[in-house]
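What's counted below: heavy atoms across the whole structure, side chains too, no hydrogens, waters or symmetry copies. Keep in mind it's a predicted model, so treat the numbers as computed, not measured. So you know, we letter chains A, B, ... as the sequences are listed, proteins then strands, and number each from 1.
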Amino acid sequence: MSGFAAADLFVRTALVEMYAKVGRVDLARAAFDEAPQRDVFLCNVMLAAYVARSEVAEARKVFDGMPARDLVSWNTMIHGYAMRGEVGMAREIFDGTEDRDAFSWSSMISAYAKSRRSKEALDLWREMRAAGIMPDCITLVSVVSACSDLGALVTGAEVHNFVESSRIELDLKLGTALIDMYAKCGDIESSQKVFDRMPVKDVQTWSTMIIGLANHGLGHESLSLFSKMISEGMKPNGVTFVGVLIACTHVGLVTEGKKYFRSMNQVHGVEPTVEHYGCMVDLLGRSGHVEEARHLIRSMPFEPDAIIWRALLGACRIHKNVDIAEEAMVRLRVLDPLGDGHYVLLSNIYAQANSWEGVAEMRKTIRRDNIQRIPGRSSIEWEDKIHEFVCGDRLHPRSKEIYGMLEEMMDRLKQAGYKPMTSLVLQDIDEQSKERSLVEHSEKLAIAFGLITTPAGSTIRITKNLRTCEDCHSAMKFISLAYDRKLIVRDRNRFHHFSEGLCSCNDYW
DNA sequence: ATAGGGTTAG
């Protein structure tokens, strides 16, 4: 290459970079095309320009036509696909990269975490450690949130240990992520420890802790933390108040809840949003003020959404209000016609009221409108892995043992006084089949697996995708008694801590 | 010349 051409290449590269920086990818491309020849550096600059504008297809064309590629080229492509949520493509590039550095691993892990492919995020994290690549604080936030999502307490605690024993400084966001992880994995004491030890906290740190306590049914602790936050001069935001209202809901503090709700903009200058009205409808409805909840929906300054009507419907189930339930259902059929949960709820409401025509009607509707029931899934962490169960599945390698344990469990529970709540089963089948169907609920499978695999007396932690059903809730109380175990169950809404035949939710959930 | 992050109503 002549000195002149080399100088020209240098100038072209600078031009591409400069145009990219001011957002003129078209001019950058023109300069790129006019270059006398292309080296890796110039192509990488062009790649970065496209990726910055999320034009990954264009970037890919450049990438494919490059005379040679280096680590930066590969990493830029991984990031480009990850940015557009094309995790599979990102992974293809990642797999094609021989030399991976911390950039490659972190981009890929965060791509998985962001798209809630949490298992894959953790698998990759283990591979990254095995490859001896050092993560930094930001990578760990992705790993920790994958643990939160899965309820992977052991893995999450390992990451925490890793931070403590390395020289990585625990920053605000990683600290907050750890608080959330421990809370979502059922270990609220550890959340509190991390929280107490953080020298600097912001509104998100406080909110995360407040929400964590609230979801564990520790309403009073949650509210006193809120007071402490205020007295320390920290300004709450809308999310903080969601936590405060959840705290009131889970303990049934109606008057308090109304007071906090009013104080939001009167005292704290935070405008309530539809989420806060949702919390209030739940608080009022759940505590038996179903009419008042209905009235609040009418008077609120927002169009009620499906979640609001669903909360009202849930209240109708607890307090056996068929009329308001039917009204809520009319709205839900418009706002969320395919959502499966409300059909089940209304059907249970009819069953409670001995309205068997109603139950039959719901069954017909579900079939006619082809409503897809979302299957219940429960998981439990054991030996570095998340073991997931779907109701009735026999896919687990230790399925035989698990079903054996289930039989034993049921005998033992029945002796202790457990009665299967067969009226909860919607299918039109005989009594024995209904009982069978209850036994195979995913949380019971997960608990049976837990009883087999964990040492006597240890706590069993389960994560479930839906709200736990009443039959399982009752069964778990008996299990905690009959097997002398603590069970900590994360349901879609909150935590249940079962011990000695009782649940921390006081059967109010 | 390449990157990634924490809280939210049922």
Side-chain angles (χ1 to χ4, degrees), chain A residues 13-14 16-17 20-21 39-49 51-52 59 70-80 82-83 101-114 121 135-145 148 171-181 183-184 201-212 214-215 236-246 249 272-283 285-286 302 304-315 317 332 336 339 341-342 345 466-467 491-494 509:
Chain A
T13 307
V16 173
E17 202 180 351
K21 200 173 267 170
D39 65 357
V40 176
F41 198 103
L42 173 63
C43 293
N44 283 347
V45 174
M46 194 62 232
L47 278 184
V51 165
D70 66 5
L71 198 45
V72 173
S73 333
W74 294 93
N75 287 345
T76 305
M77 288 309 297
I78 294 172
H79 172 231
M83 244 174 89
D101 64 1
F103 274 75
S104 341
W105 288 96
S106 305
S107 306
M108 199 59 232
I109 290 175
S110 88
Y112 279 130
K114 217 168 43 189
D136 65 13
C137 195
I138 300 180
T139 310
L140 293 175
V141 172
S142 295
V143 178
V144 168
S145 28
S148 311
D171 76 359
L172 193 53
K173 290 182 180 176
L174 182 54
T176 306
L178 283 170
I179 293 170
D180 188 50
M181 181 278 292
K184 291 211 172 102
K201 305 176 177 82
D202 68 2
V203 60
Q204 284 200 58
T205 317
W206 287 92
S207 304
T208 302
M209 193 67 226
I210 287 168
I211 291 165
N215 281 332
N237 64 17
V239 179
T240 320
F241 279 101
V242 168
V244 166
L245 297 177
I246 296 172
T249 300
T273 62
V274 69
E275 284 90 345
H276 301 103
Y277 280 92
C279 292
M280 287 309 290
V281 168
D282 191 30
L283 171 62
R286 221 180 261 275
F302 298 96
D305 60 15
I307 295 173
I308 297 247
W309 291 112
R310 175 66 183 272
L312 188 68
L313 188 61
R317 185 191 55 83
L332 283 165
D336 184 15
H342 18 283
L345 267 176
L466 307 173
R467 174 187 178 280
D491 136 325
R492 197 181 174 78
N493 298 339
R494 58 168 297 159
W509 86 97

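- A:S106 comes within 4.0 angstrom of a base, heavy atoms only.
- Contact annotation for A:T208: backbone-only contact, meaning every heavy-atom pair under 4.0 Å involves sugar-phosphate atoms and none involves a base.
- For A:W309, the ring pair (Phe, Tyr, Trp, His ring centres under 6.0 Å) test picks out no residue, with sequence neighbours left out.
- Side chain of A:T139 to main chain of A:P135: no donor-acceptor pair is present (N/O by atom type, distance under 3.5 Å, no hydrogens or angles).
- At a threshold of 4.0 angstrom between heavy atoms, the contacts of A:K21 with the nucleic acid are absent.
- Heavy atoms of A:A102 sit under 4.0 angstrom from at least one base atom.
- Within the nucleic acid shown, A:V274 comes within 4.0 Å of at least one base atom, counting heavy atoms only.
- Base engagement by A:T205 is indicated by at least one non-hydrogen atom pair under 4.0 Å involving a base atom.
- Contacts of A:R467 with the nucleic acid, taken as non-hydrogen atoms under 4.0 Å apart, are absent.
- Between the side chain of A:H342 and the main chain of A:A306, no donor-acceptor pair closer than 3.5 Å is present.
- Side-chain N or O atoms of A:H276 include one that pairs as donor or acceptor with a backbone N or O of A:T273 at under 3.5 Å.
- Every residue two or more places apart in sequence or in another chain that forms a side-chain contact (heavy atoms from CB on, under 4.5 Å) with A:D101 is listed here: A:L71, A:N75, A:F103, A:S104.
- At the heavy-atom level, A:L42 lies nowhere under 4.0 Å from the strands shown.
- Nucleic acid contact for A:I138: base, since at least one base atom lies under 4.0 Å from a heavy atom of the residue.
- In this structure a side-chain-to-backbone donor-acceptor pair under 3.5 Å is missing from A:R286 to A:T249.
- The footprint of chain A on DNA chain B, defined by a heavy-atom cutoff below 4.0 Å, extends from B:dA1 to B:dG10.
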